[in-house]
Amino acid sequence: MSAVTQPQTRTATTARSAHIALWIFLVANLVIVELMFVTASPPAHNTLTAAGRFLGLHLAFVMALQLLLVARLPFLDRRIGMDKLTTWHRWTGFSLFWLVLLHPTFVLLGYARLDKISFLAEIPNLAKQMPVLLGMIAAGLIVVIAAVSLRAVRRRVSYESWHTVHLLVYVVVVLGIVHQLYEGSAFKTNIFTQVYWWGLWAFALGALLTGRVLVPLVRNARHQLKVAAVVPEADDVVSVYLTGHDLARLDAQAGQFFLWRFLGHNPWWQVNPFSLSAAPDGRSLRLTAKGIGVTSAGLRRLPIGTRVFAEGPYGAFTAGQGVTGKTLLIAGGIGVTPIRALLEDERLPGDIVVLYRVHDQAEAVLLGEMNNLASVRGARLHVLAGRTGAGTPPNQPFAPESLLALVPDITERDVFVCGPAGMTDAVLRSLRALKVPARQRHAETFRLAS
């Protein structure tokens with residue numbers, strides 16, 4: 001048992017250390033930013049413009065933090081996980097959105113009072129200055145990106161369209177830097193504040209270029225992935241097998257995902273996150289996808305030999321996150337792919353229970369493989385079929401009492417869950433109700449920091 005749990009405990013400790021380091025970085029830099037504003041002596045024409053400058057300084061800091069969160073640095077991703085980083089990204093995005101609205105509002109109100117004109121009349125007046133106009137354009141683009149990210153809108157927009165709109169972030173960054181060069185004041189107080197400020201932005205931009213450009217280019221040049229086989233698993237589900245050079249150096253783990261571009265199959269700006277559906281063996285990779293989007297629906301038509309550009313591996317939904325000696329794997333629909341890979345991973349503790357949720361057992365993708373792996377691993381596999389709420393009493397497979405009946409020692413297990421958002425939320429609610437410790441709850445929701 002110790003051979004399995006010891007590395008898992010090390011990984012969990014490393015994850016906690018990464019969280020602490022991220023919080024220390026945030027708090028320390030916030031303190032510096034506050035000191036910069038307090039010690040600076042900008043031309044505060046009135047209280048409103050002073051408030052606008054205060055908000056603008058924090059807006060620029062939050063934007064730099066956002067770049068770090070979306071950089072997809074392997075150091076943070078392996079220790080914290082894309083899901084948790086994306087949660088930080090989302091809350092940082094909310095802060096960014098409100099700062100984008102409040103910063104220009106206070107500045108415009110202040111200058112409108114100074115110029116003795118209306119708020120609306122001040123907009124074209126300040127827009128005559130190019131740096132201010134660029135800042136206004138950047139603010140408008142952030143509002144567009146935020147609008148597309150609203151859940152009500154997100155549900156109606158394809159993943160490909162959503163991702164394309166988020167590429168406007170790069171335009172916002174360029175416009176924001178130009179705006180700061182001409183309009184910034186708090187970080188121009190002395191040489192020390194200038195070195196700190198532009199050092200922070202150089203670090204953020206360097207992280208972004210490293211994680212988003214350099215690392216993917218180096219990995220793809222080294223491994224040269226290509227499609228080796230395309231295997232239909234069901235009417236709307238297909239598995240794609242890939243080969244390449246020296247794949248062991250990818251250090252991919254069961255439960256992780258890549259961002260895939262199939263060259264010639266979809267435009268370069270369109271990427272899709274698909275999990276590995278088999279544990280990596282150093283010789284090949286396999287993904288399994290359901291045809292619900294433009295890219296995934298066309299995978300079964302991929303020609304053999306198609307070159308593949310992959311970013312990753314990403315995610316901390318791995319056996320190394322476990323902290324106990326027992327495991328519960330919960331899959332729903334096509335969310336079975338990382339669960340199936342985890343079941344194959346020899347690093348997963350031997351006492352394993354698997355719950356596989358489907359509407360109809362005939363729709364259970366990779367069920368044959370799951371049965372074989374469960375037999376080899378000595379795991380207990382339960383297929384939970386039927387419509388939720390149907391029958392008397394209502395079918396509620398993930399209600400707290402249902403989970404406890406299936407897995408009486410659930411509080412002693414690490415629980416890995418992947419499936420549709422509604423199912424995942426229901427499982428996590430029940431785990432909290434059953435007092436399963438937070439460090440034993442692991443969910444893959446494919447939320448992606450863009």
Side-chain angles (χ1 to χ4, degrees), residues 83 87 150-156 159 233-237 255 275 277 288-293 296 317 322 324 326-343 351-371 373-375 377 379-447:
D83 272 10
T87 298
L150 292 173
R151 290 185 179 180
V153 178
R154 179 69 185 89
R155 285 194 292 265
R156 292 170 172 79
Y159 173 82
E233 304 286 357
D235 291 342
D236 58 348
V237 178
S275 286
S277 58
T288 302
K290 187 173 183 178
I292 55 177
S296 55
F317 191 71
T324 70
K326 298 189 287 187
T327 306
L328 170 61
L329 303 175
I330 303 178
I334 200 60
V336 72
T337 54
I339 296 297
R340 184 258 180 239
L342 281 171
L343 184 57
D351 188 347
I352 304 172
V353 177
V354 185
L355 306 181
Y356 187 0
R357 179 76 174 103
V358 290
H359 288 152
D360 189 302
Q361 189 157 327
E363 301 174 0
V365 179
L366 304 178
L367 181 57
E369 295 183 16
M370 295 286 284
N371 278 318
L373 287 170
S375 177
R377 298 296 306 272
R380 288 168 284 161
L381 172 62
H382 302 276
V383 178
L384 310 178
R387 295 282 176 178
T388 300
T392 305
N395 182 26
Q396 300 289 348
F398 295 126
E401 59 274 14
S402 300
L403 285 175
L404 196 59
L406 284 167
V407 192
D409 60 349
I410 190 170
T411 58
E412 302 170 13
R413 294 178 178 271
D414 280 283
V415 184
F416 293 82
V417 55
C418 184
M423 187 206 87
T424 300
D425 291 343
V427 171
L428 293 177
R429 282 196 302 271
S430 292
L431 294 179
R432 288 190 289 268
L434 292 169
K435 302 296 192 297
V436 176
R439 67 192 187 119
Q440 294 170 216
R441 305 193 300 256
H442 317 283
E444 177 60 86
T445 58
F446 297 105
R447 292 180 298 180

Quick one: does [X]'s side chain have a donor or acceptor within less than 3.5 Å of a partner on [Y]'s backbone?
{"X": "Thr324", "Y": "Lys326", "answer": "yes"}
{"X": "Gln361", "Y": "Val383", "answer": "no"}
{"X": "Asn395", "Y": "Arg387", "answer": "yes"}
{"X": "Ser275", "Y": "Gly255", "answer": "no"}
{"X": "Ser430", "Y": "Phe398", "answer": "yes"}
{"X": "Tyr356", "Y": "Val365", "answer": "yes"}
{"X": "Thr424", "Y": "Pro420", "answer": "yes"}

Before accepting this row, confirm whether a basic side-chain N of the pair Asp409/Arg413 lies closer than 4.0 Å to the acidic partner's carboxylate O.
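Salt bridge present between Asp409 and Arg413.
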Minimum side-chain heavy-atom gap [X]-[Y] below 4.5 Å:
{"X": "His382", "Y": "Val353", "value": "yes"}
{"X": "Arg441", "Y": "Val415", "value": "no"}
{"X": "Leu355", "Y": "Leu329", "value": "no"}
{"X": "Val358", "Y": "Leu384", "value": "no"}
{"X": "Leu428", "Y": "Val417", "value": "yes"}

Over all atoms of both residues, closest heavy-atom pair of [X] and [Y]:
{"X": "Leu343", "Y": "Ala374", "result": "CD2-N, 4.0 Å"}
{"X": "Asp414", "Y": "Arg439", "result": "OD1-O, 4.0 Å"}
{"X": "Pro397", "Y": "Ser402", "result": "O-CB, 3.3 Å"}
{"X": "Phe317", "Y": "Cys418", "result": "CZ-CB, 4.2 Å"}
{"X": "Gly335", "Y": "Pro338", "result": "O-CD, 3.3 Å"}

Please round to the nearest 0.5 Å and tell me the distance separating atom [atom1] of [X] and atom [atom2] of [Y].
{"X": "Ile352", "Y": "Leu381", "atom1": "CD1", "atom2": "CG", "answer": "11.5 Å"}
{"X": "Met423", "Y": "Arg357", "atom1": "CE", "atom2": "CZ", "answer": "9.0 Å"}
{"X": "Leu366", "Y": "Asn371", "atom1": "CG", "atom2": "CG", "answer": "11.5 Å"}
{"X": "Ile339", "Y": "Ser277", "atom1": "CD1", "atom2": "OG", "answer": "12.5 Å"}
{"X": "Thr327", "Y": "Glu412", "atom1": "OG1", "atom2": "CD", "answer": "12.5 Å"}
{"X": "Phe416", "Y": "Leu328", "atom1": "CZ", "atom2": "CG", "answer": "10.0 Å"}

Assess whether salt bridge (charged side-chain N to carboxylate O under 4.0 Å, His left out) is satisfied between Arg380 and Asp351, documenting all intermediate values.
CA-CA 9 Å; Arg380 288 168 284 161; Asp351 188 347; 3.7 Å; yes
Above 12 or not: heavy atoms from other molecules or residues under 6.0 Å from CG of Asp360?
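More than 12 within 6.0 Å, yes.
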